[in-house]
2 protein chains.
Amino acid sequence: MRIGELAVASGTTTKTLRFYEEAGLLPAPERTANGYRDYTPAALARLDFVRRGRTAGLTLAQIREILDIRDAGVAPCQHVHALLEAHLGDLDRQIADLQALRHTVAHLHHSATTSDPTKCDTTTVCRYL
Amino acid sequence: MRIGELAVASGTTTKTLRFYEEAGLLPAPERTANGYRDYTPAALARLDFVRRGRTAGLTLAQIREILDIRDAGVAPCQHVHALLEAHLGDLDRQIADLQALRHTVAHLHHSATTSDPTKCDTTTVCRYL
DNA sequence: GTGGACGTTCCAGCGCAGGGGAAGGTCAAG
DNA sequence: CTTGACCTTCCCCTGCGCTGGAACGTCCAC
C-alpha cells in the first residue's frame, strides 16, 4: 500500500502520514525498490486508533504513549484507564473555567446592554470591561 | 516611569511591555536622554484595560481593536457590545463541545472500568478507545 | 519521449502570547 | 573604579498539529 492510498483509506493526507512517522506514531514502513513507502494493513488499524484517540481529545503525545506500551508487548489498558481519568478531570476543569468565564462575560454584556453609553470615561477606555 | 517600574505596577514583565508596544497595544512612549522608555501613568490605565480584556477572554487582537477605536476618538461601546455578544456565542459553543467530549470520554472511562482487560485485542491497540 | 500523477527529502510557517538569552549601554552606590 | 541593577536591541524558541512549497525522482499511459 502506497502512502497516497493509505491517506485516502485513513482519511488523512500524505503530509500527515509522514508527520506521524516522524512523530513516532506510525512505524517507518518498508520501502519498495524505488524508495516508496510500502504500508501493510496494520498501519490502517493503527491510524484508526490514532483517530479514535484524537476524537477522544487525546494529544498525539498521549496516543504515542499508549502505542509505545502496546508496542512493548504490554496491554495499555491500565494506562489508558488512568489517562482517561486524568482527561476527565482536565475536561471538568476546562468546562468549569469556561462556565465561570461565560458568567463574567454575560455580566459584562448585560451591563453593556443596559448602561448609558454617554457615561463612558475615556481614561478607562471602556467601562464595559 | 521606567519600564521595570511599569512592569511591577501592572503585574506584567518588561518583555511583555515591549511585546505589547510591538503589537500596537501600547503606544511607544517618550524616551529619556539615555534612550530609556519613559511611561506616563496613562500607560498603567491602558495596561489595566488590557488585563481586564484578557480576563474576559478576549484576544490581544480584539483588545487592540477596541483600543484603536478609542484612540480614534470614538467610544468603543458598540463594538465592545458586539464583541461580547460574539464572545458569548463562542463560549457557549466551546462549552457545548467540551461537554459532548466529556460525555464521550466518560463513556470510554466507564467501559474501561467495568470491562475485562483480558479480552484486549492487540490488533486494535486498545479496545477502550 | 513526454505529460501527468504519483512519490521522495528538506525547510518554513501558521496562530497565540509571550519567554530566553546574547551583547552591549547607563546609572547609582560602595 | 568596580560592581550590580537596570536598560537597549536583536533574534530565536516554546507547544500543538499539522500544512505549503521547492526541487527532484519514478512510473505508467499515450
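The basis for the numbers below is simple: all heavy atoms, side chains too, and nothing from hydrogens, waters or symmetry mates.
The stretch residues 97-104 of chain A does not touch DNA chain C, since none of its heavy atoms comes less than 4.0 Å from the strand. The stretch residues 20-38 of chain B comes close to DNA chain C through B:Tyr20, B:Asn34, B:Tyr36, each having a heavy atom under 4.0 Å from the strand.
Counting heavy atoms from C-beta on, the side chains of A:Arg51 and A:Arg54 never come closer than 4.5 Å. With contacts defined as side-chain heavy-atom distances shorter than 4.5 Å, the pair A:Leu25/A:Phe19 does not qualify. Considering only heavy atoms from C-beta on, B:Leu26 stays 4.5 Å or farther from B:Leu67 through its side chain.
The separation between B:Arg2 atom CZ and C:dC27 atom P is 9 Å, rounded to whole Å. Distance A:Ile3 CD1 to D:dC18 P: 14 Å, rounded to the nearest Å. Here the P atom of nucleotide D:dC12 and the NZ atom of B:Lys15 are 13 Å apart, to the nearest Å. Whole-Å rounding puts the A:Glu5 CD to C:dA5 C1' distance at 13 Å. D:dG21 atom C1' lies 13 Å from atom CZ of A:Arg18, rounded to whole Å. Computed from coordinates, the A:Arg64 CZ to D:dG17 P distance equals 12 Å when rounded to whole Å. If you measure from atom CD1 of B:Ile63 to atom C1' of C:dG18, you get 14 Å, rounded to the nearest angstrom. Remark: C1' of D:dT19 and CG of A:Leu60 are 14 Å apart, rounded to the nearest angstrom.
One finds no side-chain N or O of A:Thr14 lying less than 4.0 angstrom from the OP1 or OP2 phosphate oxygen of C:dC6. One finds no side-chain N or O of A:Thr16 lying less than 4.0 angstrom from the OP1 or OP2 phosphate oxygen of D:dG17. The side chain of A:Thr13 contributes an N or O atom lying less than 4.0 Å from OP1 or OP2 of D:dT19.
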Could you go through the side chain to side chain contact (heavy atoms under 4.5 Å, CB included) check for A:Val105 and A:Leu101 one step at a time? CA-CA 6 Å; A:Val105 175; A:Leu101 181 56; 4.1 Å; yes

Evaluation steps, salt bridge (Lys or Arg N to Asp or Glu O under 4.0 Å), between B:Asp97 and B:Arg93: CA-CA 6 Å; B:Asp97 287 352; B:Arg93 239 164 289 133; over 6 Å; no

If you apply the rule salt bridge (Lys or Arg N to Asp or Glu O under 4.0 Å), what do you find for B:Asp90 with A:Arg102, and how did you get there? CA-CA 10 Å; B:Asp90 280 351; A:Arg102 195 207 181 280; over 6 Å; no

Go through B:Glu21 and B:Arg37 one step at a time and tell me if the salt bridge (Lys or Arg N to Asp or Glu O under 4.0 Å) criterion holds. CA-CA 11 Å; B:Glu21 182 178 328; B:Arg37 286 175 178 79; 2.8 Å; yes

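Using a distance-only test at 3.5 Å, with no hydrogens or angles considered, no donor-acceptor pair links the side chain of B:Thr12 to the main chain of B:Val8. With hydrogens and angles disregarded, a donor-acceptor distance shorter than 3.5 Å links the side chain of B:Asp38 to the backbone of B:Met1.
Within the nucleic acid shown, B:Arg54 comes within 4.0 Å of sugar-phosphate atoms alone, with no base atom in reach, counting heavy atoms only.
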